[in-house]
Amino acid sequence: MTEQLIFERGQPGRRAHAQAPRQAPAVDDIPDALARDSDIGLPEVSEMDVVRHYTRLSQLNFSIDTHFYPLGSCTMKHNPRACNTLASLPGFLDRHPLAPASHGQGQMCCLYELQEILTEVTGMDKCSLTPMAGAQGEFTGVAMIKAYHDHRGDHHRDEILVPDAAHGTNPATATMCGCRVIELPTDADGDVDIAALREKVSERTAGIMLTNPSTLGVFEQDILEIADIVHGAGGLLYYDGANLNAILGKIRPGDMGFDVIHMNLHKTFSTPHGGGGPGSGALGVGSHLRKFMPIPTIGRRGDGAETRYYWMTEADLPHTIGRLSAFMGNTGVLMRAYIYARLLGRDGMTRVAEYATLNSNYLMARLKDAGFEVAFPDRRASHEFIVTLKREKSQFGVTAADFAKRLLDYGFHAPTIYFPLLVPECFLIEPTETESRETLDAFVEAMVAIREEARADPETLRQAPTSLPARRFDEVAAAKRLDLAYDAGSSAAA
Amino acid sequence: MTEQLIFERGQPGRRAHAQAPRQAPAVDDIPDALARDSDIGLPEVSEMDVVRHYTRLSQLNFSIDTHFYPLGSCTMKHNPRACNTLASLPGFLDRHPLAPASHGQGQMCCLYELQEILTEVTGMDKCSLTPMAGAQGEFTGVAMIKAYHDHRGDHHRDEILVPDAAHGTNPATATMCGCRVIELPTDADGDVDIAALREKVSERTAGIMLTNPSTLGVFEQDILEIADIVHGAGGLLYYDGANLNAILGKIRPGDMGFDVIHMNLHKTFSTPHGGGGPGSGALGVGSHLRKFMPIPTIGRRGDGAETRYYWMTEADLPHTIGRLSAFMGNTGVLMRAYIYARLLGRDGMTRVAEYATLNSNYLMARLKDAGFEVAFPDRRASHEFIVTLKREKSQFGVTAADFAKRLLDYGFHAPTIYFPLLVPECFLIEPTETESRETLDAFVEAMVAIREEARADPETLRQAPTSLPARRFDEVAAAKRLDLAYDAGSSAAA
Amino acid sequence: MPFIPHTEADVRDMLAVIGAETIDDLFDEIDPRLRNVSLDAIPEGASEQEITRLMRERAGRDEGGLCFIGAGAYEHHIPAAVWEITTRGEFYSAYTPYQPEASQGTLQVVYEYQTMMCGLTGMDVSNASLYDGASALAEAVLMAVRANRKSKSRRVLLPKSVHPFYRQVARNICANQAIDFEVVDFDAEHGTVDRAALDRWAGEDVTALVIPQPNFFGALEDVDALTDWAHDNGALAIGVVNPMSLALLKAPGRWGGGDGADIVVGEGQPLGAPLAGGGPYFGLLCCRKKHVRQMPGRVVGRALDADGCDGYVLTLQPREQHIRRSKATSNICTNQGLLVTAATIHMSLLGPEGLRRTAATCAANTRALVERLTAIDGVSRVFDGPYFHETVLRLPMAADAALEALAERGVFGGLALADHYDGLNDTVLVCATETKTAGDLDAYAEALAAVLETHAAPA
Amino acid sequence: MPFIPHTEADVRDMLAVIGAETIDDLFDEIDPRLRNVSLDAIPEGASEQEITRLMRERAGRDEGGLCFIGAGAYEHHIPAAVWEITTRGEFYSAYTPYQPEASQGTLQVVYEYQTMMCGLTGMDVSNASLYDGASALAEAVLMAVRANRKSKSRRVLLPKSVHPFYRQVARNICANQAIDFEVVDFDAEHGTVDRAALDRWAGEDVTALVIPQPNFFGALEDVDALTDWAHDNGALAIGVVNPMSLALLKAPGRWGGGDGADIVVGEGQPLGAPLAGGGPYFGLLCCRKKHVRQMPGRVVGRALDADGCDGYVLTLQPREQHIRRSKATSNICTNQGLLVTAATIHMSLLGPEGLRRTAATCAANTRALVERLTAIDGVSRVFDGPYFHETVLRLPMAADAALEALAERGVFGGLALADHYDGLNDTVLVCATETKTAGDLDAYAEALAAVLETHAAPA
């Protein structure tokens with residue numbers, strides 16, 4: 001089952017007539033030199049063509065709504081439909097970002113309360129919702145650390161410590177903030193190598209970027225000591241919220257000693273992943289960083305019936321690192337996170353961490369019992385854990401990628417593969433709290449069956465997937481002969 | 001790809017916690033003898049289970065939004081999404097049917113205007129929107145014919161003439177109205193046999209039920225003569241709106257001499273077919289039948305800013321045949337029809353008939369050119385036409401059903417098969433106006449390819465479909481060993 | 001030309017293939033007298049943008065108001081997932097599953113629906129739904145006449161405690177079927193079937209007895225006794241139920257000392273259908289297995305495919321009009337497919353515990369409302385005895401006027417019964433579902449107190 | 001426990017498999033000092049019904065008002081089909097297409113989006129989107145610095161006629177990258193780049209020139225001259241465009257006498273994203289093919305699968321942070337996938353003719369509004385010269401006060417520029433898109449006349 005391109009469906013002159021003004025008024029005051037003088041390269045199709053085409057395309061996807069999706073570090077959990085429906089009420093959708101705050105109190109109230117909820121659940125002093133994705137949240141956090149040091153005259157602090165297991169965004173962000181990245185090794189238990197840390201902190205240390213639990217699926221046991229070491233050297237601690245789902249409502253980054261954090265609301269607060277976005281990287285800060293927060297952040301004046309919400313600007317936060325988006329970040333995403341937070345409530349949040357951890361440890365135990373090798377067999381799993389298929393690779397000549405592709409044939413999205421880079425032939429598996437035990441059991445059965453296939457006929461795995469809309473792609477050739485846009489003239493695909 | 005039953009997913013105690021009140025208040029004043037004393041047989045599943053299960057189930061369907069669906073006599077055309085979205089605005093959805101009319105003027109205005117639009121486009125005197133489906137529209141029409149005769153003292157008129165090609169609902173409806181069905185033969189051109197009609201009308205004739213164009217896909221050429229004959233005998237003419245799409249805005253039933261009609265809004269006015277309903281069988285009447293209209297129908301008082309819409313009841317229509325549904329018929333369906341009618345407007349309606357007819361005649365011509373036998377080769381097709389596969393049956397031993405099933409493998413829903421009963425191995429094909437020429441051409445190609453398969457290897461057709469979620473079913477066995485509900489206890493399916 | 005994909009080139013080429021000059025030529029078999037149509041009363045076509053604005057304005061006009069009206073249609077919370085999934089194109093824009101291989105989604109949903117209905121009602125068999133509760137009662141009556149072969153009278157006892165609109169619809173639909181509907185009065189004290197009135201028919205040839213539970217007044221009938229009475233008198237027992245109430249009330253399949261009700265119908269709206277001004281809703285119809293071949297409407301059954309795999313098909317089609325034509329069990333051919341889909345998803349989301357909590361909250365809220373309202377001078381319950389989630393209150397003024405004054409204060413206070421029942425002047429049928437908060441109940445009580453005060457005040 | 005499927009039996013059995021006594025034991029590696037958390041400031045969990053009611057009340061508070069504000073976010077008609085399809089679970093709840101075989105839906109949508117963007121802008125290549133227009137400009141600046149290897153200055157000329165928020169965001173995001181942003185003033189008469197101010201940099205080492213079209217004031221820049229200026233001075237030309245305007249305006253790929261702009265960014269919101277209080281929107285970024293490997297963000301390319309069939313994959317991943325880590329072209333890893341899906345469907349529904357009509361109607365409506373408003377005493381255009389669909393008006397009173405008074409009359413009259421530009425006191429930036437009717441324009445004019453009259457009246 002494949003679907004031709006929308007451009008291959010069209011005919012010159014075909015239109016979705018209901019979707020544009022009925023007349024085209026003449027606009028005769030645009031100088032010729034500035035006026036369009038080439039085709040507008042859009043498809044020419046009917047409304048039904050469009051509905052049919054994109055409905056069919058959607059069916060080619062795996063998604064949470066259709067498949068178990070244990071993609072490690074991505075927290076693919078249930079996206080409650082109410083969050084979408086209610087965030088899409090016309091009163092919210094129609095609001096212009098520059099409309100008077102007096103006419104947006106309903107939405108601003110939600111956003112303010114979301115700031116308060118996130119503040120409490122992370123143990124920070126204040127939250128700001130503007131960062132538009134996790135990576136922008138990271139950027140904001142590191143930029144604030146820089147601003148903090150600069151404000152104190154510590155202009156020489158330009159080194160950011162990053163564990164070698166960290167997400168690639170961490171070092172990339174540090175670079176974008178003008179910092180040098182100092183990599184920290186991991187010890188045999190998966191924790192940061194404390195001795196190496198002590199060695200690498202200095203008066204040039206701006207801070208450390210950590211996610212805890214780490215990408216290795218274990219909780220950093222020495223976190224309080226790490227905080228002491230870094231703070232002792234004058235650096236600050238930045239918490240990457242990628243794995244916040246593991247500890248939500250159970251352990252708080254603020255209590256661990258972090259000075260600034262970001263949260264991936266599309267993970268922990270279940271806003272949609274949307275095929276790759278929009279995300280949201282809400283920020284939490286300690287009191288000493290409050291004055292550097294980005295704008296706009298929402299403030300409140302008055303109480304009870306007199307309550308008024310307002311946008312904090314440079315006037316309120318003269319030391320702000322400033323504005324990072326044209327308007328108010330991904331507001332619609334924030335609304336979804338707010339609704340989700342209210343549905344969960346206080347107890348519900350704690351249960352997120354508890355049941356995400358229960359599912360993860362259960363699945364790890366079952367896979368271990370089934371003979372798979374886990375990376376840190378003596379550690380508790382956090383919300384995710386690592387299986388290494390290096391033995392299967394040496395015995396049967398099949399790779400983690402082969403296993404992953406075969407899982408697709410079994411109706412499961414593959415876990416994250418080959419990340420973290422430290423573990424060979426690695427599967428990073430995150431079941432999330434919203435999956436049932438039966439689903440986890442079925443996943444174990446599939447893993448066992450695939451290993452049996454690997455033993456009996458490894459080619460089955462190497463050829464996989466065979467039951468999907470596409471077979472494996474030649475990605476190397478695609479990157480060489482770049483074809484990034486359809487060319488109606490030259491394509492032979494029609 | 002199949003999907004287990006929702007009952008097979010559950011676990012005792014599992015719940016979608018957000019979807020019920022958080023507490024269960026005690027209700028202690030219901031006598032034990034009247035209280036529930038057995039299990040409530042519903043599944044016990046999580047919210048994500050439900051979303052995943054029904055999302056996956058939906059993907060097992062063919063539908064207009066995913067496939068060409070040329071099901072004759074069913075008018076499977078594009079269902080504009082705006083009709084659903086706008087009919088689902090909270091102001092409309094929240095309105096209780098017995099709430100004061102003063103608080104429902106927005107919706108009642110839409111319904112009144114829909115009555116007016118339907119009246120104009122059918123050439124009738126007045127419309128009522130209450131019938132909940134085509135069959136109930138038929139019932140209403142025949143009941144009004146009966147009421148008309150009874151009111152005049154013509155109690156002996158109890159015969160309804162029905163052509164042999166008519167939909168099965170026509171005779172079934174006549175029976176439900178206490179009438180005897182007199183079948184009329186069809187002549188070689190597909191028209192009603194006028195001589196037979198003259199012979200069968202009498203002082204017992206209550207009326208005739210006709211759809212025009214007929215189910216044979218041709219326009220009844222002698223309709224004015226038929227009207228004269230039936231009216232001359234004291235009978236009335238009932239128009240079955242099943243095929244109204246063929247003439248919408250182009251020819252009007254009222255002008256043909258019909259006294260009462262129903263319209264299938266889910267066909268002609270593109271409200272969703274919904275997997276089998278809800279439909280809507282809005283009614284149009286001539287002035288002499290107005291007083292017998294069902295209730296509630298919407299009336300209007302005043303003009304301009306003083307306009308008020310109200311529900312007409314027995315007080316306004318003392319001769320009404322009465323109420324046929326608890327409330328106001330399928331109001332939400334009517335709202336969708338209204339929105340569709342406003343999007344089309346006057347010109348758009350005429351174009352429905354024109355382009356539905358163009359597509360039908362084009363597809364007929366193409367299939368004829370490709371060597372298929374059409375039932376009435378010398379007639380214009382209406383919005384649909386008939387292909388007979390009797391030659392293919394005798395040559396290759398494949399049936400219309402085999403062809404139909406194989407079309408599914410080619411990604412096309414099958415046309416209506418084996419109806420009308422008059423034509424052997426019959427395909428009743430209705431492409432509708434919303435399909436593009438390319439889609440019709442692709443359908444012709446598939447038909448030709450399948451005939452080639454029938455020639456080369458007829459077993460391919462007999463085994464079809466092979467690429468769908470299910471193969472052909474043993475329907476005879478299913479009707480014998482009735483299994484109409486899942487029995488968790490006895491089933492071995494789990 | 002909304003929704004028409006044809007370009008000028010398409011039209012030209014297609015006409016050439018047909019061998020016609022113009023599109024109008026395709027209508028040349030039709031009498032020219034019929035081909036001159038003016039549609040002046042129909043507005044010009046509008047863009048989706050224009051219609052969107054219009055509909056939003058009109059919907060806005062109808063917004064607001066706290067609704068305490070029940071009387072056969074009930075405001076319940078509907079999970080967002082229900083209609084987001086139900087309106088997926090694959091459900092929304094499919095038709096009757098004539099080709100089962102290409103319709104397993106719809107068919108399995110209906111099979112699951114049938115199973116849930118059997119579970120709720122305790123009956124053996126469910127159909128795939130009928131139009132609404134009222135017409136389902138009419139179909140049940142016709143079905144009972146077919147099924148009760150021992151009875152020749154075509155006499156159906158229809159208590160006055162059945163919804164007045166249902167009684168009208170049953171009579172209207174059966175008008176030409178020579179059914180003898182006999183009214184059975186209600187007991188003035190309890191608002192339930194008057195046993196003495198019923199006993200007038202004891203020993204007579206009665207085809208069926210209709211048993212509402214809860215009845216129109218919200219009151220609980222003695223269903224065991226009524227069912228036994230029916231069976232003792234050779235009549236079939238037809239239950240008319242609110243499916244939501246079945247979370248708390250005895251399943252009709254267990255009514256009486258024998259095998260329970262014979263046929264059960266009801267309005268499915270409380271299971272996922274929005275109020276929507278009156279519809280679309282759906283009628284549920286269940287029966288005992290021995291009557292299955294007399295059942296009207298579509299039915300889905302489990303079947304095996306050519307690979308021996310389970311699947312689902314429309315079954316028992318020989319009863320239906322497209323095969324049996326004038327001898328069909330009914331002229332019905334559609335079901336309310338989309339509503340059934342919504343109801344199935346809705347019931348799955350609620351589950352047994354959710355349904356129980358919802359029903360219990362409805363009952364508790366109505367009790368709390370009644371307590372607040374009857375604390376107001378001159379307001380009292382008309383009937384005593386147990387009820388589910390609505391009941392009748394007497395007001396110290398004309399109910400119509402009181403409701404109008406309440407509506408002006410943003411409260412839809414219930415249904416006035418004077419138009420429907422002699423002797424029930426100054427009464428309203430009130431209902432508070434799980435959607436109402438304590439604040440809402442207070443708001444009603446305060447508004448009513450104010451209205452009554454204004455009314456009592458000297459002019 | 002919303003959204004958690006575990007039954008008590010599940011928990012018991014799962015703990016047994018793990019070999020733990022309680023769920024809390026699973027956290028036993030964590031310092032006990034960290035495990036004592038109170039969340040008192042967070043409300044208890046609420047049911048969906050409760051939250052539905054709350055959100056409806058809050059949304060209701062924000063409803064209403066005729067919006068004539070533009071300034072980077074524009075009210076346009078969005079076909080109902082756009083978000084009904086975009087929010088289908090398969091799009092909504094999928095993630096980045098790491099497994100292309102299981103993500104062809106998302107991947108093909110992005111490939112189609114890239115094609116449409118190339119068509120609209122006349123550029124060779126598009127990425128899969130960035131966060132929003134403002135951050136896209138920042139990324140374009142960083143990209144230009146990487147791509148313009150001949151320039152050593154890291155000097156970027158940023159006209160004041162670029163959206164003030166975009167300028168702030170570019171500076172903030174590039175704050176630690178040693179970019180030398182130089183402001184270029186605008187011409188007081190036309191509101192476009194002051195050629196004399198620009199020429200101060202002629203002959204210097206300039207890395208890139210940012211060219212807004214239309215600019216923040218709605219005015220049309222002389223893009224040909226500016227592009228040529230950039231190229232003549234060894235600078236890259238970075239266009240900042242409103243994609244809706246491109247239906248009427250020259251494609252950036254054709255600006256100037258050479259090969260057009262080098263990089264084009266813009267706010268995608270006008271293509272199917274609701275205003276929504278500020279986001280999510282998406283940033284578009286296109287460039288010439290020779291710069292493709294310096295482009296930030298995701299890109300989808302066509303590929304062949306093992307059967308030789310066409311399909312789509314993420315490509316050029318070696319530029320990205322998960323491979324290159326600290327040496328990546330950007331730290332960006334998400335795109336705005338859902339918005340891109342909406343935009344792709346939106347553009348398909350509009351097509352070239354629909355986009356042209358929409359843009360032309362916006363332009364015509366704004367002209368009609370300007371005509372009505374400048375007919376009022378004391379109201380005048382600040383800049384002359386051609387514009388697309390917004391422009392700056394001077395009022396005979398403080399703009400803030402006027403806008404506040406208009407808002408009370410239900411009209412959001414535009415953006416006051418005093419806070420953003422010295423010398424533009426008493427001015428508002430106004431915009432009337434295709435959503436406005438003649439009646440709406442009249443309503444604005446009447447409201448403004450009334451406000452000015454009240455203001456002028458002696459107290």
Side-chain angles (χ1 to χ4, degrees), chain A residues 16 19-21 24-25 27 40-41 50 57-58 60-65 86 89 91 93 95-97 106 120 132-133 135 168 171-173 175 178 181 272-279 322-323 326-328 330-332 345-346 348 354 357 362 365 436-437 468 470-471 473 478 483 485-486, chain D residues 5 10 14 18 23 26 39 41-42 44-45 55 58-59 61-63 69 88-90 92-96 101-102 104-106 115 118-119 131 134 165 168 172 176 274 276-280 301-303 305-306 311 321-322 325-326 328 331 334 336-338 348-349 352 354 357 361 363-364:
Chain A
Q19 301 303 348
V27 180
I40 301 172
V50 173
L57 276 189
S58 77
L60 305 183
N61 272 1
F62 278 32
S63 67
I64 309 176
D65 278 9
L86 298 176
L89 289 169
L93 289 192
R95 227 176 74 66
H96 194 286
E120 178 82 352
M132 292 180 289
T173 297
T175 303
V181 174
H273 282 71
R323 179 181 288 277
F327 303 108
M328 178 47 206
N330 286 335
T331 313
R346 179 193 310 152
E354 291 176 345
T357 303
Y362 173 75
S436 67
R437 182 192 173 179
L468 266 63
R471 302 281 308 281
F473 288 102
D483 174 354
Y486 176 71
Chain D
D10 287 335
M14 291 169 80
I18 296 167
I23 290 180
L26 304 176
L39 303 175
I42 301 175
E44 265 190 62
M55 296 306 284
R58 291 190 180 166
R61 258 191 262 168
D62 294 357
E63 261 177 34
I69 315 172
R88 284 172 58 84
E90 301 95 320
Y92 188 80
S93 76
Y95 197 35
T96 304
E101 304 87 348
Q104 285 297 296
T106 291
T115 303
C118 292
Y131 305 139
F165 291 166
Q168 289 172 29
N172 295 335
N176 289 297
R302 200 196 287 248
D305 78 0
Q321 75 296 327
H322 63 279
R325 303 179 71 85
S326 66
N331 72 337
T334 47
Q336 300 282 97
L338 211 57
S348 298
L349 284 169
R357 286 190 184 187
T361 306

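Reckoned from all heavy atoms, side chains included, excluding hydrogens, waters and symmetry mates. From a predicted model like this one, the values you see are computed outputs, not experimental measurements.
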Check your understanding: When only pairs under 4.5 Å are counted, which of A/Ala478, A/Ala20, A/Ser63, A/Gly345 shares the most heavy-atom pairs with chain D?
Key -> A/Ser63
Practice item. Sort out for me which of D/Ala303, D/Ala364, D/Gly278 touches chain A most, counting heavy-atom pairs under 4.5 Å. Key: D/Gly278
Study note, to complete from the structure: Heaviest contributor of heavy-atom pairs below 4.5 Å to chain D, chosen from A/Gly276, A/Pro97, A/Ala485, is A/Gly276
Review point. Roughly how far, to the nearest 0.5 Å, is CD of D/Glu90 from CG of A/Asn61?
Key: 7.5 Å
Point to revise | Distance-minimising heavy-atom pair for A/Tyr362 and D/Ile18 | key: N-CD1, 3.4 Å
Review point. Any idea which heavy atoms bring D/Ala276 and A/Thr331 closest together, and the distance?
Key: O-CB, 3.5 Å
Review point. Looking at A/Pro25, A/Ala24, A/Gly279, which one has more heavy-atom pairs under 4.5 Å with chain D than the rest?
Key: A/Pro25
Practice item. Would you mind checking which part of D/Leu26 comes under 4.5 Å of any heavy atom in chain A, side chain (CB onward), backbone (N, CA, C, O), both or neither? Key: both
Review point. Going by heavy atoms in the side chains, are A/Leu468 and D/Gln104 under 4.5 Å from each other?
Key: no
Practice item. Quick one: which of D/Asp10, D/Ile23, D/Asn172 has the most heavy-atom pairs under 4.5 Å with chain A, could you say? Key: D/Asn172
Review point. For chain A, which of D/Gly119, D/Ala41, D/Gly105 has the most heavy-atom pairs under 4.5 Å?
Key: D/Gly105
Exercise for review: For chain D, find which of A/His96, A/Met132, A/Arg437, A/Met328 contributes the most heavy-atom pairs closer than 4.5 angstrom.
Suggested key: A/His96
Revision key, fill the gap. If you tally heavy-atom pairs under 4.5 Å between each of D/Glu101, D/Met55, D/Glu63 and chain A, the highest tally belongs to D/Glu101
Review point. Tell me, do D/Thr96 and A/His273 make a side-chain contact under 4.5 Å, heavy atoms counted?
Key: no
Exercise for review: Look only at the side chain of A/Arg346 and the backbone of D/Ile42, and say whether a donor-acceptor pair between them is shorter than 3.5 Å.
Suggested key: yes
Check your understanding: Hey, which of A/Ser58, A/Ala135, A/Gly178 has the most heavy atom pairs under 4.5 Å with chain D?
Key -> A/Ser58
Practice item. Report yes if some heavy atom in the side chain of A/Pro272 is under 4.5 Å from a heavy atom in the side chain of D/Leu338; otherwise report no. Key: yes
Practice item. Flag the one option from D/Ala134, D/Ala306, D/Ala363, D/Cys118 with the top tally of heavy-atom pairs under 4.5 Å to chain A. Key: D/Ala306
Practice item. Under 4.5 Å, counting heavy-atom pairs only, tell me which of A/Gly322, A/Ser436, A/Gly41, A/Gly277 racks up the most with chain D. Key: A/Gly277
Point to revise | For D/Ala94 against A/Phe62, the heavy-atom pair lying closest together | key: CB-O, 3.4 Å
Practice item. Answer yes or no: is there a donor N or O on one side and an acceptor on the other, between the side chain of D/Gln168 and the main chain of A/Arg323, under 3.5 Å? Key: no
Review point. Which residue out of D/Ser348, D/Gly301, D/Gly311 racks up the most heavy-atom pairs below 4.5 Å with chain A?
Key: D/Ser348
